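Keep in mind the model is a prediction, meaning the values are calculated, not measured. Whatever order the structure lists them in is the order used to number ligands and atoms, beginning at 1.
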Amino acid sequence: METVDWSSLSFSYLPTDYNVRCYWRNGQWGELEVSSSEYIPMHMAATCLHYGQEAFEGLKAFKGKDGKIRIFRLDENARRMQSSAAAILMQAPTEQLFKEAVLKAVKLNERFVPPYESGAALYIRPLLVGTQARVGVNPSEEYLFLVFVTPVGPYFKAGFKPTNVVILRQFDRAAPQGTGNVKVGGNYAASLRAGAIAHDGGYSAVLYLDPKEKKYLDECGPANFFMVRGNEYVTPASNSILPSITNKSLMQLAEDMGMQVVRRRVLVEELADFEEAGECGTAAVISPVGRIDDADTGKSYVFSKNGEPGPVCEKLYHTLRGIQYGDLPDKYGWVTVLE
Ligand code: PLP
Ligand code: COI
């Protein structure tokens with residue numbers, strides 16, 4: 001613990017002291033339990049293991065210059081876990097239980113919240129899994145809701161520097177009417193092969209197209225995608241992308257910066273009309289996109305020629321981070337300050 005180099009953290013797992021657990025059994029949630037084990041005793045026929053009955057969330061806690069710990073958009077993450085659970089017939093934790101568990105997990109691991117100067121954060125991972133033994137494809141009647149935390153640095157090694165992404169039409173991360181719009185484990189399993197091909201080619205992520213017509217932009221690996229042209233912030237509308245809480249926040253910030261914010265279907269070819277592009281998400285924050293290569297057509301779309309982020313990405317990034325770390329006022333009520 002004493003040897004953690006906070007400024008050099010990457011986005012990976014480091015053990016912390018405690019996690020928080022709650023079980024749904026006999027039609028009700030039990031008491032919140034605190035555990036110091038990193039393992040879960042699990043029946044080998046549990047529905048999460050065989051049939052992917054699993055949903056998760058991702059949010060962050062930040063330590064400010066004032067020493068206070070701020071959790072970003074706790075309510076939104078609580079609500080999204082409810083829609084994810086409903087999509088695959090799981091018992092969702094109530095909003096209150098979700099918040100209580102997150103606050104408790106952060107509080108118990110306060111010493112792992114990276115210091116302000118490091119630019120790192122405490123990543124919070126709520127997890128919901130079906131635990132009942134089943135061999136038929138049916139939903140479990142028992143669930144474990146668990147929250148663990150781990151200190152993290154930037155998701156992409158480059159940090160706030162442009163990275164390149166690739167379009168690979170032979171892969172989809174989600175089906176047109178499937179589970180792309182909720183945060184369930186199966187979507188991520190489905191993205192592993194394409195992600196590995198992209199990484200082997202030196203790209204940070206795959207820019208997925210809509211799985212139905214392969215004409216429109218969807219999202220970018222484990223992040224949403226946005227573009228900027230003049231005074232316009234454009235982000236794809238689609239049934240198969242996850243509604244990113246970071247993107248929602250950036251849309252609000254862009255609007256308040258006087259930009260016109262548009263969520264609409266975006267044709268791949270329109271990439272040529274934009275000046276800046278970025279990936280956004282809890283883990284990715286804003287990760288500016290330098291170039292997009294369309295592996296099937298051979299076309300490239302360049303957004304950064306000098307290896308630096310564009311001015312709008314830069315401004316949005318600093319405003320978002322300013323609110324998260326408490327350097328800017330929380331005028332939207334996005335932040336929960338830990339008591
Ligand atoms: N899209 C996918 C597939 C993700 O996994 C994430 C990460 O949570 C996002 C988008 C960004 O969402 P958020 O900003 O809520 O973290
Ligand atoms: C997040 O941004 O919170 C994510 O969940 C992305 C990824 C690590 C799965």
Quiz prompt | Contact with ligand 1 for Ser249, non-hydrogen, under 4.0 angstrom | solution =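 Not so, Ser249 does not reach ligand 1.
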With a 4.0 Å cut-off on heavy atoms, does Arg80 reach ligand 1?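 So Arg80 counts as touching ligand 1.
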ask   = When you measure from atom 2 (C) of ligand 1 to each heavy atom in Cys220, Pro222, Ala283, which option holds the nearest one?
value =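 It is Pro222 that holds the nearest heavy atom.
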Is Glu57 close enough to touch ligand 2? Criterion: a residue heavy atom under 4.0 Å from a ligand atom.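 Not so, Glu57 does not reach ligand 2.
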Can you name the atoms of ligand 2, numbered from 1 with element, that are less than 4.0 Å from a heavy atom of [X]?
X	result
Tyr188	9 (C)
Ala283	1 (C), 2 (O)
Phe11	8 (C)
Phe56	5 (O)
Lys183	4 (C), 5 (O)

Practice item. Kindly confirm or rule out an N or O of Asn247 lying under 3.5 angstrom from an N or O of ligand 1. Key: no
Say whether Ile245, considering both its backbone and side-chain N or O atoms, lies within less than 3.5 Å of an N or O atom on ligand 1.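 Among all N and O atoms of Ile245, at least one is under 3.5 Å from an N or O of ligand 1.
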Item checked: Glu38 atom CD: more than 12 heavy-atom contacts under 6.0 Å ->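 Yes - once you tally the heavy atoms of other residues, nucleotides and ligands closer than 6.0 Å, there are more than 12.
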Can you tell me if CZ on Phe160 sees more than 12 non-hydrogen neighbours from other groups inside 6.0 Å? yes
Q. Just by distance, do the side chain of Thr235 and the backbone of Phe226 share a donor-acceptor pair under 3.5 Å?
A. no
query = If only atom types and distance count, is the side chain of Glu232 paired as donor or acceptor with the main-chain N or O of Val262 below 3.5 Å?
reply =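 The answer is no, because no donor-acceptor pair under 3.5 Å joins these two groups.
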So does Lys107 pair up with Glu339, basic N to acidic O under 4.0 Å?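 So Lys107 does not pair with Glu339 through a salt bridge.
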Are a donor atom and an acceptor atom from the side chains of [X] and [Y] found within less than 3.5 Å of each other?
X	Y	answer
Glu57	Ser84	no
Tyr203	Asp293	yes
Asp327	Tyr116	yes
Tyr23	Glu31	no
Ser35	Ser37	no
Ser238	Asp210	no

Provide, to 0.1 Å, the distance between [atom] and the closest protein heavy atom, together with that atom's residue and name.
atom	value
atom 1 (N) of ligand 1	Glu219 OE1, 2.7 Å
atom 8 (O) of ligand 1	Lys183 NZ, 2.7 Å
atom 3 (C) of ligand 1	Arg173 NH2, 3.4 Å
atom 7 (C) of ligand 2	Pro222 CB, 3.8 Å
atom 16 (O) of ligand 1	Thr282 OG1, 2.6 Å

Next on the checklist: Check this for me - ligand 2, Tyr155, N or O atoms closer than 3.5 angstrom, yes or no?
Outcome noted: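 Tyr155 vs ligand 2: no N/O contact under 3.5 Å.
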Fill in: Sub-3.5 Å N/O-N/O distance, Tyr123 and ligand 2
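Yes, there is a polar N/O contact under 3.5 Å.
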So for Ala223 against ligand 1, with non-hydrogen atoms under 4.0 Å, the contacting part is backbone
Contact region, Lys60 to ligand 2, non-hydrogen atoms below 4.0 Å, reads neither
TODO: Starting from the C-alpha separation in whole Å, work towards a yes-or-no answer on side-chain hydrogen bond (donor to acceptor under 3.5 Å, both in side chains) for Asn77 and Arg79.
DONE: CA-CA 5 Å; Asn77 285 275; Arg79 281 198 282 273; over 6 Å; no
- Item | Full working for ring pair (Phe, Tyr, Trp, His ring centres under 6.0 Å) between Phe274 and Tyr301 | CA-CA 9 Å; Phe274 287 85; Tyr301 304 89; over 10 Å; no
Near [X], which atoms of ligand 1 are under 4.0 Å from a heavy atom of that residue?
X	result
Tyr188	2 (C), 3 (C), 4 (C), 5 (O)
Asn224	1 (N), 10 (C)
Gly221	3 (C)

Atom pair OG1/CE of Thr246 and Met251 - distance to nearest 0.5 Å
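If we round to the nearest 0.5 Å, Thr246:OG1 and Met251:CE are 10.5 Å apart.
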